[in-house]
Number of protein chains: 2
Amino acid sequence: MKVSTQEAAPAFPFADGIFPAGCPSRIVLDHVTSKWGVLILVALSEGPQRWSELRRRAEGISEKMLAQTLKTLEADGFVRREAQPIIPPRVDYSLTVSGQELAALLLPLVSWIAGHADTIVGRSARKAAGAGD
Amino acid sequence: MKVSTQEAAPAFPFADGIFPAGCPSRIVLDHVTSKWGVLILVALSEGPQRWSELRRRAEGISEKMLAQTLKTLEADGFVRREAQPIIPPRVDYSLTVSGQELAALLLPLVSWIAGHADTIVGRSARKAAGAGD
DNA sequence: CCGGATCCTATACGATACTG
DNA sequence: CAGTATCGTATAGGATCCGG
């Protein structure tokens, strides 16, 4: 077993394979890391929001994908949907406790990316010279 | 601006839209959250590894996707590739500093998912009753 | 052993139109 | 306003063969 710089946990938890193909973790990971999953979860981490609000926040999302993503996240227990039987309809989406935990892990990731993306794609565009760091 | 339960930072950094469609952040996010991106980065966070090792770790990945994912991550400056001109070839992949930073953010996420996936898909399978939490 | 090239399929996704 | 239904397309991704 190898011991490198980044050591805190007793043992690397994914030493022999991240996890098996098709296992529940893979499924959830795919849901979360779907094209819009991260964006929706991050958007909702600010607080409950309506459908139309989410559409604006996740710029570029189609109605179909918003519906599909929300449904998946709701089925996974990350998002709660509350519809009010009024005309015109009003539906609020919010994070469950589980969803808040997840979003709390996603926010640093998204922030990091937001802070480094320009450098990264800049380097990509320059054809990725030789030195990575 | 709304103030709800989860308030800690001075201001929510993604208050009016996560970030614009097609911007560098979106591109990098898509690379990282591609089907195999997370798995490869997490796998490499344990230390440098060879092609064949990565294939085992990321169970179920095809050669094509491994090559493609590694190339993308390398172009983004997250992964370093070192090929030794010997027969048979030996190629080692490792994380750059940037890649290590990213992986450090990914690990908690993957660990959390690994710890909750069974509950989550269990609930999903039971048709997602009514209460999310 | 490490991949590149090619072909093919599944499906994720977007655009549009329609409904309660 | 908040969706659903349908269709068409782009592309992600897998299988296989080949080459250094």
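Residue numbers start from 1 in every chain, and the chains themselves are labelled A, B, ... in the order their sequence lines are given, proteins ahead of strands.
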*asked:* Please tell me if Ser52(B) has a side-chain N or O lying less than 4.0 Å from either OP1 or OP2 of dC2(C).
replied: yes
*asked:* For a quick check of understanding: with a heavy-atom distance under 4.0 Å over all strands, which category does Arg81(B) fall into, base, sugar-phosphate or nothing?
replied: sugar-phosphate
*If you walk 5' to 3' along DNA chain D, what is the first nucleotide with an atom under 4.0 Å of a heavy atom in chain A, and what is the last?*
dC1(D) to dC7(D)
*For Gly60(B) and Glu63(B), take the nucleotide of DNA chain D holding the closest heavy atom to each; which residue's nucleotide lies nearer the 5' end?*
Gly60(B)
*Determine: side-chain N/O of Lys71(B) to OP1/OP2 of dG4(C), distance under 4.0 Å, yes or no.*
yes
*Roughly, in whole Å, what's the span from CE in Met65(B) to P in dC2(C)?*
19 Å
_Using side-chain heavy atoms (C-beta onward) and a distance below 4.5 Å, is Val42(A) in contact with Arg57(A)?_
no
*To the nearest angstrom, how far is Leu66(B) atom CG from dA5(C) atom P?*
16 Å
*Euclidean distance, atom CD of residue Gln68(B) to atom C1' of dA5(C) [Å, nearest integer]*: 13 Å
_Against His31(B), only a single residue in Asp76(B), Thr69(B), Thr72(B) fulfils side chain to side chain donor-acceptor pair (under 3.5 Å); can you say which?_
Asp76(B)
*What closest approach, in Å, do Gly60(A) and Trp36(A) show between heavy atoms, and which atom pair accounts for it?*
C-CH2, 3.7 Å
_Using every non-hydrogen atom in the two residues, find where Pro24(B) and Val121(A) come nearest and quote the distance to one decimal._
CB-CG2, 3.7 Å
*Could you tell me the separation between the NZ atom of Lys64(B) and the P atom of dC7(C), rounded to a whole number of Å?*
12 Å
*Can you tell me how far C1' of dT11(C) sits from CG of Asp30(A), to the nearest Å?*
13 Å
*Interatomic distance, Arg90(B) CZ vs dG3(C) C1' [rounded to whole Å]*: 16 Å
*asked:* Here's a test for you: under side chain to side chain contact (heavy atoms under 4.5 Å, CB included), which of Leu39(A), Leu66(A), Val91(A), Ile61(A) qualifies with Leu54(A)?
replied: Leu66(A)
_Interatomic distance, Lys35(B) NZ vs dC13(C) P [rounded to whole Å]_ = 12 Å
*Are the side chains of Leu95(B) and Leu102(B) in touch, meaning some heavy atoms are under 4.5 Å apart?*
no
*What is the minimum heavy-atom distance between Trp51(A) and Glu63(A), and which atoms define it?*
CH2-O, 3.6 Å
